[in-house]
Visitor: 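Dropping a structure here in structure tokens format, bear with me for questions.
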Amino acid sequence: METTSTYDAVVIGGGAAGLNGALMLARSRRSVAVVDAGTPRNAPAEAVHGLLGHDGVPPAELYRRGREEVSGYGGVVVDGEVAAAGPADPAPDGDLRFTVALTDGRSLTARRLLVATGARDVLPDVPGLADHWGSSVVHCPYCHGWEVRDEPIGVLAVGPASVHQALLFRQLTDDLVYFTRDTELDEETRTRFAARGVRVADGAVVEVITGDGGGIAGVRLADGELVVRRVLAVGTSLWPRLDGLAALGLPTEDLPGGMGRRVVSGMAGTTDVPGVWVAGNVTDPMAQVGASAAAGALAGAHINAHLAAADTDAAVARQAGTPVG
Ligand SMILES: Cc1cc2nc3c(=O)[nH]c(=O)nc-3n(C[C@H](O)[C@H](O)[C@H](O)COP(=O)(O)OP(=O)(O)OC[C@H]3O[C@@H](n4cnc5c(N)ncnc54)[C@H](O)[C@@H]3O)c2cc1C
């Protein structure tokens, strides 16, 4: 299918950020299409937690409801993956245009773009770890901390931020082991851990061992010792999902402490690229579902305001018989 009409906005990515952006645009009577590959970051999780009014809802159910709400106001949700998005020739009145090509050959034209493609988690390279991601391997005390309270938890250090993570998980269990994985752990931190009953396992972690029931049985250290654990907390590095979007030229920057990268953005998700906004984890890796949705809503409202100004400029130019610059 080749779509010939031009949407006021195309939203790339239909997670919390993209769907909430589209909702604001659709409710403002903007023609909007959301292109979504259906792979939100929290897909491995059983439920979304910490989201007021929706605590415990399965991710798929939240996004199903969001799609329904967008469609209810005339927004179009397209299942598909964007292969290429970039600027197109401007409209005769000078207004911006973008083309969005999907991997299946379909293509859309847009006046404005909202990029809400999220971020990809990269786990440290420990054999067996990735098998449990999103269930017994967790990263966020607010997302799944309550669910693993009182369990024997291990924190796999990836850098200085892991000390902070350990103190947050100590709030949830008395049985916590900090695996240094040969990272530096100063005496002051060791003293602070000891004061809270956090045990420290020095040396490399060579493998995460799966038990008979399919969950984690423990962590194998380089000296062969098996430290029994049921849950592991680990920091991931986060990388913005920009496959196919290179032609947009969105600027990115490193996150501190080797924690990944993000798309640089300003107020309401504006970017240095005229006509392109970003929202959610693609620009704010710390944003949970609520914050991502809020950022998407703000960007959607800002896009609508931008379009209202452009529509008015065009109307004034038409009346005066002059092209808009
Ligand atoms: C295991 C896990 C559990 C979590 N649990 C919670 C929790 O309990 N509570 C909470 O608040 N937060 C939780 N989070 C964080 C939450 O996942 C993020 O805050 C949220 O997903 C960010 O929303 P987003 O819209 O920015 O991105 P995403 O939800 O990742 O959505 C991005 C969407 O863009 C699509 N996309 C990407 N590239 C393209 C492309 N080229 N073309 C088309 N579509 C594309 C993807 O398929 C995806 O559907 C969890 C995270 C993880 C990893």
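Whatever order the structure lists them in is the order used to number ligands and atoms, beginning at 1.
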Visitor: I need the atoms of ligand 1 closer than 4.0 Å to a non-hydrogen atom of Thr39, numbered in the order shown.
Guide: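 Atoms satisfying the 4.0 Å criterion: 46 (C), 47 (O), 48 (C), 49 (O).
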
Visitor: What residue and atom, counting heavy atoms only, is the protein's closest point to atom 29 (O) of ligand 1, and at what distance?
Guide: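 Going by distance alone, atom 29 (O) of ligand 1 is nearest to Pro40 CB, 3.5 Å.
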
Visitor: For His49, give me all partners under ring-ring contact (aromatic ring centres under 6.0 Å, His included), at least two apart in sequence or on another chain.
Guide: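 ring-ring contact (aromatic ring centres under 6.0 Å, His included) list for His49, sorted by chain: empty.
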
Visitor: Under 4.0 Å from a heavy atom of His49: which atoms of ligand 1 are those, numbered in the order shown and with their elements?
Guide: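 So the answer, numbered in order with elements, is 7 (C), 8 (O), 9 (N), 10 (C), 11 (O).
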
Visitor: Below 4.0 angstrom from a heavy atom of Asp36, which ligand 1 atoms are there? Numbered from 1 as shown, please.
Guide: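 So the atoms of ligand 1 that pass are 33 (C), 34 (O), 35 (C), 44 (N), 46 (C), 47 (O), 48 (C), 49 (O).
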
Visitor: Can we say Arg262 and Asp284 salt-bridge, meaning some charged N sits less than 4.0 Å from an Asp/Glu carboxylate O?
Guide: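 The answer is no: the pair does not qualify as a salt bridge.
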
Visitor: Which of the listed options, Thr117, Leu242, Val11, holds the heavy atom that is closest to atom 38 (N) of ligand 1?
Guide: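 Ranked by closest heavy atom to atom 38 (N) of ligand 1, first place is Thr117.
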
Visitor: Can you run down the ring pair (Phe, Tyr, Trp, His ring centres under 6.0 Å) pairs that involve residues 147-202, sequence neighbours left out, and say none if there aren't any?
Guide: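 Matches after skipping sequence neighbours: Tyr178-Phe193.
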
Visitor: Does a salt bridge link Arg30 with Asp311, judged by any charged N lying under 4.0 Å from a carboxylate O?
Guide: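 Salt bridge flag = yes for Asp311 with Arg30.
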
Visitor: In terms of side-chain heavy atoms, does Thr210 have a donor or acceptor partner in His132 at a distance below 3.5 Å?
Guide: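 Yes - a donor-acceptor pair under 3.5 Å links their side chains.
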
Visitor: Return yes when Leu51 approaches ligand 1 closer than 4.0 angstrom through a heavy atom, no otherwise.
Guide: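 Checking ligand 1 against Leu51, which is what was asked, there is no heavy-atom contact under 4.0 Å.
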
Visitor: Give me the ring orientation class for His139 and His144: parallel if the planes are under 30° apart, tilted from 30 to 60°, perpendicular past 60°.
Guide: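 Answer is perpendicular, since the angle exceeds 60°.
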
Visitor: What protein heavy atom sits nearest atom 15 (C) of ligand 1, and how far off is it?
Guide: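 Result for atom 15 (C) of ligand 1: Arg41 NH1, 3.9 Å.
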
Visitor: Out of Gly118, Pro59, Cys143, who gets a non-hydrogen atom closest to atom 27 (O) of ligand 1?
Guide: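 Shortest heavy-atom distance from atom 27 (O) of ligand 1: Gly118.
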
Visitor: Quick one: look up the protein heavy atom nearest atom 18 (C) of ligand 1 and list residue, atom name and how far away it is.
Guide: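 Of the protein heavy atoms, Asn281 OD1, 3.3 Å lies nearest.
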
Visitor: Of all the heavy atoms in Tyr142, does at least one lie under 4.0 Å from an atom in ligand 1?
Guide: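 No.
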
Visitor: Does a side-chain N-to-carboxylate-O contact under 4.0 Å join Glu61 and Arg64?
Guide: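 Yes.
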
Visitor: Considering only NZ, NE, NH1 and NH2 on the basic side and carboxylate oxygens on the acidic side, decide whether Arg190 and Asp202 come within less than 4.0 Å.
Guide: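 Asp202 and Arg190: salt-bridged.
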
Visitor: Please state whether Gly80 comes within less than 4.0 angstrom of ligand 1, counting heavy atoms only.
Guide: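 True for this residue.
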
Visitor: Is the closest heavy atom of Pro44 to ligand 1 under 4.0 Å?
Guide: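 Per 4.0 Å heavy-atom rule, Pro44 does not contact ligand 1.
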
Visitor: Out of all atoms in ligand 1, which are within 4.0 Å of some heavy atom of Ala116? Include the element for each.
Guide: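 Checking each atom against Ala116, I get 32 (C), 33 (C), 34 (O).
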
Visitor: What's the shortest distance from atom 3 (C) of ligand 1 to any protein heavy atom, and which residue and atom give it?
Guide: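 It is His144 CE1, 3.4 Å.
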
Visitor: Is a side-chain donor-acceptor pair under 3.5 Å present for Trp239 with Ser237?
Guide: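 Yes, a side-chain donor-acceptor pair sits under 3.5 Å.
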
Visitor: Can you tell me if Gly38 has a non-hydrogen atom under 4.0 Å from ligand 1?
Guide: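 The answer is yes: ligand 1 sits under 4.0 Å from a heavy atom of Gly38.
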
Visitor: In the protein, which heavy atom is nearest to atom 44 (N) of ligand 1, and how far is it?
Guide: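 For atom 44 (N) of ligand 1, the nearest protein heavy atom comes out as Ala37 N, 3.1 Å.
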
Visitor: What are the atoms of ligand 1, with element, lying closer than 4.0 Å to any heavy atom of Val48?
Guide: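 Answer, ordered by atom number: 8 (O), 9 (N).
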
Visitor: Between Asp79 and Arg67, does at least one N-O distance fall below 4.0 Å, as a salt bridge requires?
Guide: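 Salt bridge flag = yes for Arg67 with Asp79.
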
Visitor: Is the shortest distance from a Lys or Arg side-chain nitrogen in Arg29 or Asp8 to a carboxylate oxygen in the other one below 4.0 Å?
Guide: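 Not counted as a salt bridge, because no side-chain N and carboxylate O are separated by less than 4.0 Å.
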
Visitor: Starting from atom 50 (C) of ligand 1, what is the nearest protein heavy atom, named by residue and atom, and what distance separates them?
Guide: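 Scanning the protein heavy atoms, the shortest distance from atom 50 (C) of ligand 1 goes to Asn42 CB, 3.7 Å.
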
Visitor: Would you call Asp243 and Arg120 a salt bridge, using N to O less than 4.0 angstrom?
Guide: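 A salt bridge links Asp243 with Arg120.
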
Visitor: Under 4.0 angstrom from ligand 1, any heavy atom of Gly50?
Guide: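 Contact absent.
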
Visitor: Are the charged groups of Arg261 and Glu253 less than 4.0 angstrom apart, N to O?
Guide: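 No, no charged N to carboxylate O under 4.0 Å.
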
Visitor: Among all protein heavy atoms, pick out the one at the shortest distance from atom 42 (N) of ligand 1; state its residue, atom name and that distance to 0.1 Å.
Guide: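 Nearest neighbour among protein heavy atoms for atom 42 (N) of ligand 1, to 0.1 Å: Val82 N, 2.9 Å.
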
Visitor: Can you list the atoms of ligand 1 that are under 4.0 Å from a heavy atom of Ala45?
Guide: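 Answer for ligand 1: 3 (C).
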
Visitor: For Ala47, counting its heavy atoms only, list the atoms of ligand 1 lying under 4.0 Å from any of them.
Guide: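 Selected atoms, number and element: 8 (O).
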
Visitor: Under 4.0 Å from a heavy atom of Gly13: give me the atoms of ligand 1 that qualify, with their elements.
Guide: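 Once the distances to Gly13 are compared, the set is 33 (C), 34 (O), 35 (C).
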
